[in-house]
Number of protein chains: 2
Amino acid sequence: MRVVHPTPDYPQLLRGADLRVTRPRVAVLGAVHAHPHADTESIIGAVRADLPEVSHQAVYDSLRTLAAAGLVRRIQPAGSVARYEARIGDNHHHLVCRSCGTVVDVDCAVGEAPCLTASDDHGFTIDEAEVVFWGLCPACSPTRS
Amino acid sequence: MRVVHPTPDYPQLLRGADLRVTRPRVAVLGAVHAHPHADTESIIGAVRADLPEVSHQAVYDSLRTLAAAGLVRRIQPAGSVARYEARIGDNHHHLVCRSCGTVVDVDCAVGEAPCLTASDDHGFTIDEAEVVFWGLCPACSPTRS
DNA sequence: TCCGTTTTCTTGAATGAGTCAAGAAACGGT
DNA sequence: ACCGTTTCTTGACTCATTCAAGAAAACGGA
Ligand SMILES: [Mn+2]
Ligand SMILES: [Mn+2]
Ligand SMILES: [Zn+2]
Ligand SMILES: [Zn+2]
């Protein structure tokens with residue numbers, strides 16, 4: 001079995017979401033695909049490798065638009081700035097290092113989205129169950145003998 | 001069976017955590033007990049009912065110290081300012097309204113803390129599994145017939 | 001109770017991610 | 001190519017939270 005990861009056609013993804021295709025949006029979408037869980041500043045840096053003149057506001061606007069359209073997901077672990085990823089629609093979860101802030105993906109252990117049911121929904125209409133595992137990454141863990 | 005909720009002895013709680021007993025700390029601890037999931041601004045307001053002259057910085061410092069000592073828990077759902085609660089040590093979870101930001105408690109549906117195990121820990125040393133259910137509270141839900 | 005040391009609080013300024021707003025440029029349907 | 005609409009640029013601004021320096025309070029020992 002062979003899993004293929006063709007480079008996504010970003011303009012097509014944008015059109016499919018009824019969004020205008022602009023150079024900043026294409027570059028931002030590409031940067032998010034290339035740098036999972038990157039924060040806005042990193043994305044601005046990556047985008048400027050292609051478009052040296054993009055404004056930070058264009059990146060902020062693009063990220064917001066892409067997130068609203070469901071083309072990217074925005075996450076924000078407590079104490080962190082916003083981070084973005086292109087892995088969407090699979091309700092996966094995250095492992096966050098308390099020391100360095102590194103974020104890694106964790107497949108949902110239970111099932112489909114939402115993967116968990118609240119014991120008492122208090123009358124809420126729940127649409128997502130977000131799980132964040134906190135701890136220390138290998139690099140930040142105290143070395144054992 | 002009778003469940004009693006005696007008013008906690010805040011000075012004693014502080015001493016037990018090896019913290020100096022100061023008026024701001026006692027008041028902040030009381031405010032967090034009285035107003036679960038309140039944000040810092042609300043806590044400042046509540047504390048000033050007792051101590052009209054406390055500085056906002058004293059409240060920020062107290063909250064940080066109390067959280068570090070484990071006497072209160074700090075939560076910060078994405079897009080929200082920091083919120084604090086005194087219900088600690090039971091690994092309960094939260095239900096957050098996407099519209100008004102209301103936070104309510106949800107008992108852990110699975111078990112003891114951490115109530116979940118990551119499918120792959122990537123070498124991390126995990127110490128907490130945080131679950132946030134997102135949705136709309138009854139007041140914010142579109143009314144049905 | 002008084003003292004000295006240490007911690008905490010007050011005051012005021014600073015930080016920084018993110019937003020707002022107005023005009024210029026780009027997109028895309030005709 | 002033209003034109004109406006959306007998006008981008010520029011620059012100012014917000015606001016939760018932090019930083020820093022000196023004044024006040026806490027507390028263990030005398
Ligand atoms: Mn992810
Ligand atoms: Mn709670
Ligand atoms: Zn780490
Ligand atoms: Zn609500």
Side-chain angles (χ1 to χ4, degrees), chain A residues 10-32 37-48 50-69 71-72 74-84 101 103, chain B residues 10-32 37-48 50-69 71-72 74-84 101 103:
Chain A
Y10 303 124
Q12 202 51 48
L13 282 176
L14 289 166
R15 285 190 205 98
D18 265 309
L19 297 178
R20 286 195 179 182
V21 179
T22 67
R23 310 232 295 159
R25 284 180 180 170
V26 172
V28 167
L29 194 46
V32 174
H37 311 131
D39 61 20
T40 307
E41 184 169 295
S42 304
I43 292 167
I44 290 173
V47 167
R48 286 188 175 151
D50 291 311
L51 303 173
E53 305 301 315
V54 266
S55 64
H56 73 128
Q57 189 62 262
V59 175
Y60 273 102
D61 286 349
S62 297
L63 286 170
R64 175 196 294 232
T65 301
L66 295 175
L71 294 182
V72 306
R74 175 189 166 123
I75 62 172
Q76 188 167 24
S80 165
V81 297
R83 293 166 176 272
Y84 298 86
V103 176
Chain B
Y10 303 124
Q12 203 48 49
L13 283 176
L14 289 166
R15 284 190 207 97
D18 266 308
L19 296 177
R20 287 195 178 181
V21 178
T22 69
R23 310 231 296 158
R25 284 179 181 171
V26 172
V28 167
L29 193 46
V32 174
H37 312 129
D39 61 21
T40 308
E41 185 170 294
S42 304
I43 293 167
I44 291 173
V47 167
R48 287 189 174 149
D50 292 310
L51 303 173
E53 306 300 315
V54 264
S55 64
H56 73 127
Q57 188 62 260
V59 176
Y60 272 100
D61 286 348
S62 297
L63 286 170
R64 176 196 293 229
T65 300
L66 294 175
L71 294 181
V72 305
R74 175 190 166 124
I75 62 172
Q76 187 167 24
S80 166
V81 297
R83 294 165 176 275
Y84 298 85
V103 175

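Worth saying up front: this structure is predicted, and the values here are computed from it rather than measured. First the proteins, then the strands, lettered A, B, ... as listed; each starts at 1.
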Given that Gln76(B) and Glu53(A) both sit by DNA chain D, which one's nearest nucleotide is further toward the 5' end?
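The residue whose closest nucleotide sits nearer the 5' end is Glu53(A).
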So do Leu66(B) and Val32(B) actually touch side chain to side chain, heavy atoms under 4.5 Å?
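Not touching, per the 4.5 Å side-chain cut-off.
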Residue [X], side-chain heavy atoms: nucleotide from [options] that is nearest:
{"X": "Val81(B)", "options": "dT10(C), dA17(C), dT17(D)", "value": "dT17(D)"}
{"X": "Arg25(B)", "options": "dT8(C), dT11(C), dT19(C)", "value": "dT8(C)"}
{"X": "Tyr60(B)", "options": "dT9(D), dA17(C), dT18(D)", "value": "dT18(D)"}
{"X": "Arg74(A)", "options": "dG18(C), dT11(C), dC8(D)", "value": "dG18(C)"}

What is the separation between atom [atom1] on [X] and atom [atom2] on [N], rounded to the nearest whole Å?
{"X": "Leu51(A)", "N": "dC8(D)", "atom1": "CG", "atom2": "C1'", "value": "12 Å"}
{"X": "Leu14(A)", "N": "dC8(D)", "atom1": "CG", "atom2": "P", "value": "10 Å"}
{"X": "His56(A)", "N": "dT10(D)", "atom1": "NE2", "atom2": "P", "value": "10 Å"}
{"X": "Ile44(A)", "N": "dT19(C)", "atom1": "CD1", "atom2": "P", "value": "12 Å"}
{"X": "Arg64(B)", "N": "dC9(C)", "atom1": "CZ", "atom2": "P", "value": "13 Å"}
{"X": "Tyr84(B)", "N": "dA16(D)", "atom1": "OH", "atom2": "P", "value": "13 Å"}
{"X": "Asp39(A)", "N": "dA17(C)", "atom1": "CG", "atom2": "C1'", "value": "10 Å"}
{"X": "Glu41(A)", "N": "dT15(C)", "atom1": "CD", "atom2": "P", "value": "16 Å"}

For nucleotides 25-30 of chain C, give me one character per nucleotide, 5' to 3': B if any protein heavy atom sits under 4.0 Å from the base, S if the only such contacts are to the sugar-phosphate, - if neither.
-BBS--
If you compare every side-chain N and O of Thr40(A) against the phosphate oxygens of dG18(C) (OP1, OP2), does one of them come in below 4.0 Å?
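Answer is yes, contact under 4.0 Å.
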Please confirm whether the backbone N or O of [Y] pairs with a side-chain atom of [X], one donor and one acceptor, at under 3.5 Å?
{"X": "Ser80(A)", "Y": "Gln76(A)", "value": "no"}
{"X": "Glu41(B)", "Y": "Gly45(B)", "value": "no"}
{"X": "Arg74(A)", "Y": "Arg64(A)", "value": "no"}

Evaluate the side-chain contact (heavy atoms from CB on, under 4.5 Å) criterion for residues Leu71(A) and Leu19(A): first the C-alpha distance (whole Å), next the side-chain angles of each, then the deciding distance (0.1 Å), finally the verdict.
CA-CA 11 Å; Leu71(A) 294 182; Leu19(A) 297 178; 4.2 Å; yes
Between CG of Asp50(A) and CZ of Arg48(A), what distance do you get to the nearest 0.5 Å?
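Output value for this atom pair is 12.5 Å.
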Would the number of heavy atoms belonging to other residues, nucleotides or ligands and lying under 6.0 Å from CD of Glu53(A) be above 12?
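Not buried by this count: 12 neighbours or fewer within 6.0 Å.
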